[in-house]
Each structure stands twice: as structure tokens, then as C-alpha cells.
Number of protein chains: 2
Amino acid sequence: MITINERLTPQKIKIIEFLKGTTSHPTAEDVYKNVKKSIPCISLGTVYRNLGQMAQRGQIRRLEVEGGFRYDADLSSHLHLVCKKCGSISDMHDVRIFDFIKKKTNPGKFIAQGAEVTIFGICKNCKK
Amino acid sequence: MITINERLTPQKIKIIEFLKGTTSHPTAEDVYKNVKKSIPCISLGTVYRNLGQMAQRGQIRRLEVEGGFRYDADLSSHLHLVCKKCGSISDMHDVRIFDFIKKKTNPGKFIAQGAEVTIFGICKNCKK
DNA sequence: TACTATATAGTAATGATTACTATTAATGAG
DNA sequence: CTCATTAATAGTAATCATTACTATATAGTA
């Protein structure tokens, strides 16, 4: 979990704890507000830096939605359903879509390492 | 092609012409630099506004890559291959992936209207 | 040609993200 | 445990892509 020369700080622990306890795909600002409850003096820059590093290390996922980044501690294969009305993001698991995609890419032309699948539409709450 | 109350200006014509003539998925800045060749006094704001409106009207597609927007006049079903090294974006056509995805979503839970599939990896040039 | 609303150029404002720096503290060795 | 090393932090400034604003110009239409 911890990579070489990486130090475990209370800030990192709280950030990852919060991310693992939610499926709301929060922004950096969301994470900041929440971790602030237990570490009031935490800096927004610390949150950004750690989220960026965690994403680069593959400890979390970073998504791009509506011109901003969202973070997700769920590393399992799943795709994202983005509501065009309220902007909420929900998950869809248990699909073989990534195998399907991988088969389609020709390794001679492009070496696939990962994929991001986003479906846009209207969520359950908003269609009422 | 032109929606109600929409006016066709030389700026719009050049923007859409450029987009239709490239598969490089340019940024707004790229479009601006190029259209500037034929309309030197064009404003960057004009490019942004038009790209945004065209995307909203469904005349072009807007992609999100590496924290920025890219534009694509190709409206056919295709997915995007993003190279992690050079950042280039190429297309992959002729896949039934969107049908596949649509079947997986439950209309009772989420009404799917569109999808964006991005594969990350290493492109042909960079793997050498 | 004249009218009206849309579009434009130019510029200012916004806001998310990143960079910077002096200080703090996590880790490992002795 | 104590110390030394250096990654990490808080706080703040800087960046930069995108959006907002406004007076002027112009496309479309009668």
C-alpha cells in the first residue's frame, strides 16, 4: 500500500479513509471539507498533492467530469453513470466491458493499459 | 445543421471547417491558432463560445482529457485511445461497444443518452 | 434600406489546480 | 530513546484554462 520512501501521515490516513467510505466520487474540495472536520488545520494544497500522488501511484482513481477531477477509492472494474441534470455519479459493477474493450484493441497499434467508461443520461431521482 | 435563431458567421464556418478537416481532437487554443490564419482578428472568446454552443447543440463532441477540453466533429460512434506518453488521441471505429453498454444499463435505474469510452495506454509511435 | 436580435472583439473576472517556501514531523539508524 | 535525514505540511502566491461582460458590428429578414 505504501510505496518506497513514502511516509504515512495523519492527513493521508484521513483522506484515504474518507474516500474508502464514500461512493459519491468527491472533488478535491469535497475531500478537503470533510477531512477538515478531524484535522481543522489541514491545507487544501495538502489534499490536492496527496490525491494527485495517490492517483499516480494507482492507489485511487481520478475521473474527469464536467471540467473537473473526481476521486474514487474503488479500484474494481466498474463504469460511471453521470446524470446530466444533477451531476451525480453512480457506479455500475459486474460488467465485462473492459474485457470486451481489451479484445477490440490491436496491441500492434496501441498497448491498452486502462480504460474509463462514462455513460451520460438521467438518473433515477431526476427522471421523476 | 443550423438551429433556430442561430446565425451563420464566417467565424463559425472556419471553426467547423477546421474541425471537420482534422482527427487530432484539438483544444480550443488549437482551434483559435488555426482559424486565426484566415480570420486574424478572431477573438479567443469567440472560439470558446462557439465550441461550447456547438457541443451543446450536438453539432460536435466535447471530450475531457488531462484536465482540459478537446473537440471532435466526428459524430459517429467511436472511442478514443489516449497515449499516456505523448498525449495524442486517436480514434477506434467500427465497434459495437455502445450497443453493448446500452444493453447493460437498466432504464429503470438510469436513462442512458450517450457514452464516452477512453482507453489509456501507449501509442504506436511511443512504444518504439 | 432599415430593423432587430445575435454574434463579435477585446478585456476583465473567475476558479480550479499547481507551485513555492519556511517549518514540521515520520522514519530509520545508532 | 535520541538524533539526523528528508518527505510532508500549512499557508500563500502564481498559473492558466475557461467564462463573463460590454460596447460595437453584422446576419437575417421584411
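Being a predicted model, the structure only gives us computed values, none of them experimental. Just so it is clear: chains get the letters A, B, ... in the order the sequence lines come, proteins before strands, and each one is counted from 1.
- Within a 6.0 Å radius of CD in B/Q56, other residues, nucleotides and ligands contribute 12 heavy atoms or fewer.
- Here chain B contacts DNA chain D (any atom closer than 4.0 Å to a heavy atom, that is under 4.0 Å), and the contacts span D/dA17 to D/dG28 from 5' to 3'.
- Residues passing the salt bridge (charged side-chain N to carboxylate O under 4.0 Å, His left out) test with A/E66: none are found, sequence neighbours excluded.
- Contacts of A/E64 classified as salt bridge (charged side-chain N to carboxylate O under 4.0 Å, His left out), with partners at least two apart in sequence or in another chain: none.
- For NZ of A/K36, the number of neighbouring non-hydrogen atoms (other residues, nucleotides, ligands) closer than 6.0 Å is greater than 12.
- Residues satisfying the salt bridge (charged side-chain N to carboxylate O under 4.0 Å, His left out) criterion with B/R57, sequence neighbours excluded, are B/E6.
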task = At under 4.0 Å between heavy atoms, which parts of nucleotides 24-30 of chain C does protein reach? Answer with one letter per nucleotide, 5' to 3': B base, S sugar-phosphate only, - none.
result = -BBS---
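- More than 12 heavy atoms of other residues, nucleotides or ligands lie within 6.0 Å of NZ in A/K12, so this atom counts as buried by the packing criterion.
- Residues from residues 24-47 of chain B that place a heavy atom under 4.0 Å from any atom of DNA chain C, listed by number: B/C41, B/I42, B/S43, B/T46.
- Within residues 68-75 of chain A, the residues approached by DNA chain C to less than 4.0 Å at the level of any non-hydrogen atom are A/G68, A/F69, in residue-number order.
- OP1 or OP2 of C/dT17 lies within a sub-4.0 Å distance of a side-chain N or O belonging to A/Y48.
- Partners of A/T46 under the side-chain hydrogen bond (donor to acceptor under 3.5 Å, both in side chains) rule, at least two apart in sequence or in another chain, are A/R49.
- Stacking of B/R62 on the aromatic ring of B/Y71 is not recorded, the 6.0 Å distance cut-off and the 45° axial limit not both being met.
- A/D72 places none of its side-chain heavy atoms less than 4.5 Å from the side chain of A/I60.
- Remark: B/F69 CZ to B/L51 CG distance equals 11.0 Å, nearest 0.5 Å.
- Here the rule is side chain to side chain donor-acceptor pair (under 3.5 Å) with B/D74, and of B/R61, B/K20, B/H93 only B/H93 fits it.
- Put simply, the side chain of B/T22 never gets that close to the backbone of B/L19: no donor and acceptor are under 3.5 Å apart.
- A/L63 and A/V31 are members of different hydrophobic clusters when ILVMFWY side chains are connected at heavy-atom separations under 4.5 Å.
- Under the 4.5 Å side-chain heavy-atom criterion for Ile, Leu, Val, Met, Phe, Trp and Tyr, B/Y48 and B/M54 are members of the same hydrophobic cluster.
- Sorted by first and then second residue, the ring pair (Phe, Tyr, Trp, His ring centres under 6.0 Å) pairs with a member in residues 6-44 of chain A read A/H25-A/H80; sequence neighbours excluded.
- Comparing the helix axis at one end of the helix from C/dT1-D/dA30 to C/dG30-D/dC1 with that at the other, each defined from 5 consecutive pairs, gives an inter-axis angle of 40° (nearest 10°).
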Pairs of donor and acceptor atoms involving the side chains of residues 97-115 of chain B, under 3.5 Å and at least two apart or interchain, shall be tabulated with distances.
residue	atom	partner	partner atom	Å
B/T105	OG1	B/K102	O	2.9
B/N106	OD1	B/G108	N	2.8
B/Q113	OE1	A/K84	NZ	3.4

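- Across residues 49-58 of chain B, B/R49, B/N50 each have a non-hydrogen atom less than 4.0 Å from an atom of DNA chain C (numbered order).
- Two different hydrophobic clusters hold A/V117 and A/I122 under the rule that ILVMFWY side chains link at heavy-atom gaps under 4.5 Å.
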